Visitor: 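Would you mind keeping the following structure in view while I ask a few things?
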Amino acid sequence: MTMSLRRKVILYCLLVVSALFLFAPTIIAFSMSFMTNQDIMTGKIIPTSISFENYFHVFQRFPLLKYMFNSFVVSIAIMLGQLALASLAAYAFVFIEFKGRDVLFFLFIATMMVPFEALIIPNFQTIRDLGWIDSYQGLSIPFFAMAFGTFLLRQNFKQIPKELKEASEIAGMGDLKFYLTVVLPVARTSLVTLGVYGFLTSWNMYLWPLLATTDNEYRTVQIGLRQLQSQEQLNEWGVIMAGAIIVVIPTLILLFVGQKKLQQGLAEGALK
Amino acid sequence: MKPVELINISKSYDQEQHVLKEINLTIEKGEFFVLVGPSGSGKSTLLRMIAGLEAITDGKLKFNGKLVNHLPPKDRDLSMVFQNYALYPHLNVEQNILFGLRAKKIAEDEQKRRLMQTTEMLGLSDFLKRKPKELSGGQRQRVALARSIVSESPLCLMDEPLSNLDAKLRAQMRMEIKRIQKKLDLTMIYVTHDQVEAMTMGDRIMVLNDGVIQQVGEPIELNNAPTNLFVASFIGSPKMNIGSAYIENHQIVIEDTLRISADITTVTGWLKERKFTVGIRAEHIKQTTEEHATHQLEVVNVEQLGNETLITFEIGNVLWTAKWLGQWLVSVGDYVPVSISMENIHFYDTNTGDLLKAAEQEKEREGIAL
């Protein structure tokens with residue numbers, strides 16, 4: 001497509017402005033994390049001198065590494081759990097014929113309408129009764145079953161020709177083997193998407209870890225950040241921002257890696 | 001012991017709608033058996049029932065004398081080629097071909113041997129490491145074929161395997177499939193909607209319409225003595241010319257316009273006093289000279305095919321086509337002399353569509369051929 005220079009200039013200006021708007025909080029946080037307290041208090045946006053003090057403080061002030069480790073464990077557990085359960089459920093909804101399958105699926109989908117907040121109290125009671133407060137399983141297992149993931153994968157599995165299943169049946173391959181050797185590899189693009197989505201959502205989870213943990217041993221980073229804020233009488237914004245930047249890094253890495261994988265998957269294309 | 005026997009096989013969904021009605025059929029060993037019919041006739045359903053992918057509502061299905069109605073597909077010892085080839089997109093050609101063997105845990109060197117043999121036979125040796133999407137339609141077709149051959153199952157089912165190929169490739173693959181089938185002595189059940197495919201490949205053909213067998217027989221039999229109007233118009237290209245007729249003054253009157261003198265003694269009593277339908281093949285409306293002509297017909301369309309010419313005439317309300325060998329320079333509106341002979345005409349009951357009397361000429365020719 002050819003575009004006149006004028007149009008191009010206008011378009012790029014608009015893009016830059018909206019990008020600035022979108023990124024402003026991140027940029028401010030990033031620059032604040034390098035500022036001294038004095039700079040912050042005087043309301044500067046660009047630091048007068050770059051200092052890494054805040055970053056040292058973050059690690060000294062509270063067990064950030066421990067929190068990050070907890071977050072990793074919980075997020076990865078949730079991601080794997082969601083992938084396993086959602087793909088198995090989606091497989092059943094697509095490849096196994098049974099009475100009332102569609103009705104069951106719509107019921108399943110209907111649970112998407114119930115907000116998580118409404119489930120918090122019963123969920124909390126359940127894990128409390130199981131004695132799972134302050135444990136990895138208490139933090140992760142309530143999120144394993146995911147209607148959205150099942151829905152996404154079902155739509156994807158439906159694109160797999162029925163003949164592939166039939167050819168496998170004739171070849172003497174059972175459901176489990178077909179699921180493992182054909183369905184999962186063929187649908188890996190969607191699995192990656194869902195995995196990234198699941199990881200990010202659980203990494204950024206706030207309310208549930210707040211309820212389900214009482215001691216630092218199992219706290220996740222998001223709670224840790226919050227703690228940082230309330231512990232001080234006068235908030236040390238520089239330290240908080242440094243913490244936030246560190247917490248964001250894994251998310252960004254995952255997004256970049258995931259995006260590349262995603263593009264690869266899409267480029268490979270489907271067989272007509 | 002017949003490899004495949006169908007006894008009163010029926011299929012219906014929700015007890016009422018019959019997709020297939022009481023199919024009785026026996027398929028011989030090493031036979032290339034073609035199921036042909038228009039779309040929706042139930043031919044694919046029948047094949048899928050034989051494969052075990054579809055439940056049998058009623059009747060018995062026997063393989064080598066053994067009842068297999070409730071056997072899962074993998075225990076039926078057969079292979080199948082699908083219309084869309086059903087290749088696994090994430091596996092390369094070699095993995096695709098060996099997929100079934102690996103599932104059946106066949107020894108590694110045996111797999112190698114079969115792979116070598118099959119890929120050589122089908123000319124796939126250079127493509128083993130390619131993914132299906134990097135292959136052309138014909139090559140994919142070949143991979144699907146190879147996958148079915150390596151299984152070394154004595155029974156091979158094919159569901160319209162050539163319908164996604166272009167015409168030239170299709171003709172080539174027709175020959176190739178037929179050659180492989182004979183070479184390996186496979187019992188083949190082949191589903192198609194293309195009557196040319198059926199005629200050129202089949203040892204025997206079954207014509208199916210609306211879930212009911214219309215006729216089972218050798219290609220030449222189907223061509224020369226179609227048992228009803230459906231088979232008559234379905235088999236043959238161009239299709240058989242059909243018109244309603246009655247007898248008047250020792251003549252057969254077709255579509256109220258075309259009169260053919262009939263030796264009334266050969267036309268037995270059942271034709272008199274009633275309406276019936278006649279059918280005549282395009283090649284039997286012969287070109288002739290003025291003095292030998294039985295009729296002068298007005299040309300309404302001409303199709304030049306190079307080696308033959310299709311000429312269409314209007315007979316009352318219907319269009320009839322004649323197929324003449326060679327190139328004939330006639331144009332629309334011309335009157336051409338033709339000869340239509342009584343002995344080439346098939347007689348059908350108008351109400352039931354059943355054959356009353358097949359053409360005599362063709363019966364004789366069949367005798368000579370045998």
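FYI, side chains are in, hydrogens and waters are out, and symmetry mates aren't considered; it's all heavy atoms of this structure. The sequence lines fix the lettering, A, B, ..., with proteins before strands; numbering per chain opens at 1. Given the structure is predicted, the values throughout are model-derived calculations rather than measurements.
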Visitor: Kindly check if the number of other-residue, nucleotide or ligand heavy atoms within 6.0 Å of CE (Met116(B)) is above 12?
Guide: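 Counting neighbours around CE of Met116(B), 12 or fewer heavy atoms of other residues, nucleotides or ligands fall under 6.0 Å, so no.
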Visitor: Is the shortest heavy-atom distance from the side chain of Phe82(B) to the side chain of Leu164(A) under 4.5 Å?
Guide: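 The answer is no, as the side chains (C-beta and beyond) never meet within the 4.5 Å cut-off.
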Visitor: Is it the case that more than 12 heavy atoms not belonging to Tyr206(A) sit under 6.0 Å from its OH atom?
Guide: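 Atom OH in Tyr206(A) is packed in, count exceeds 12.
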Visitor: Using non-hydrogen atoms and a 4.5 Å limit, figure out which bit of Leu101(B) sits close to chain A: side chain, backbone, both or neither.
Guide: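 No part of it gets close to chain A.
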Visitor: More than 12 foreign heavy atoms under 6.0 Å from CZ of Phe30(A): is that the case here?
Guide: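 Result for CZ/Phe30(A): open.
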Visitor: Taking all non-hydrogen atoms of both residues into account, name the closest pair between Ala171(A) and Gly100(B) and its distance.
Guide: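 Shortest heavy-atom separation between Ala171(A) and Gly100(B) comes out as CB-CA, 3.7 Å.
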Visitor: Pick one of side chain, backbone, both or neither for Lys162(A), based on which atoms fall under 4.5 Å of a heavy atom in chain B.
Guide: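 Lys162(A) touches chain B through side-chain heavy atoms alone.
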Visitor: More than 12 heavy atoms of other residues, nucleotides or ligands under 6.0 Å from NZ of Lys178(B): is that the case?
Guide: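 More than 12 within 6.0 Å, yes.
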Visitor: Counting C-beta onward and ignoring hydrogens, is there a side-chain heavy-atom pair between Lys74(B) and Ile170(A) closer than 4.5 Å?
Guide: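 When only atoms from C-beta onward are counted, Ile170(A) and Lys74(B) do not touch, as no gap falls below 4.5 Å.
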Visitor: To the nearest 0.5 Å, tell me how far Glu163(A) CD sits from Tyr85(B) OH.
Guide: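 One gets 12.0 Å once the value is rounded to the nearest 0.5 Å.
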Visitor: Take a 6.0 Å sphere around NZ of Lys182(B) and say whether it holds more than 12 heavy atoms from other residues, nucleotides or ligands.
Guide: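 Buried by this count: over 12 neighbours within 6.0 Å.
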Visitor: Among Gln83(B), Arg147(B), Arg48(B), Arg102(B), which has the most heavy-atom pairs under 4.5 Å with chain A?
Guide: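 Most pairs with chain A among the choices: Arg48(B).
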Visitor: Between Ser153(B) and chain A, which part of the residue has a heavy atom less than 4.5 Å away: side chain, backbone, both or neither?
Guide: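 Answer is neither: Ser153(B) stays 4.5 Å or more from chain A.
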Visitor: Assess whether side chain to side chain donor-acceptor pair (under 3.5 Å) is satisfied between Thr181(A) and Tyr88(B), documenting all intermediate values.
Guide: CA-CA 10 Å; Thr181(A) 58; Tyr88(B) 302 102; over 6 Å; no
Visitor: Please report the closest heavy-atom contact between Lys177(A) and Ala103(B), naming both atoms and the distance.
Guide: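 In terms of heavy atoms, the two residues are closest at NZ-CA, 3.9 Å.
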Visitor: A quick test of your reading: do over 12 heavy atoms of other residues, nucleotides or ligands sit less than 6.0 Å from CZ of Phe144(A)?
Guide: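 Atom CZ in Phe144(A) is crowded, with more than 12 foreign heavy atoms closer than 6.0 Å.
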Visitor: Crowded around Lys60(B) NZ? As in, over 12 foreign heavy atoms under 6.0 Å?
Guide: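 Not buried by this count: 12 neighbours or fewer within 6.0 Å.
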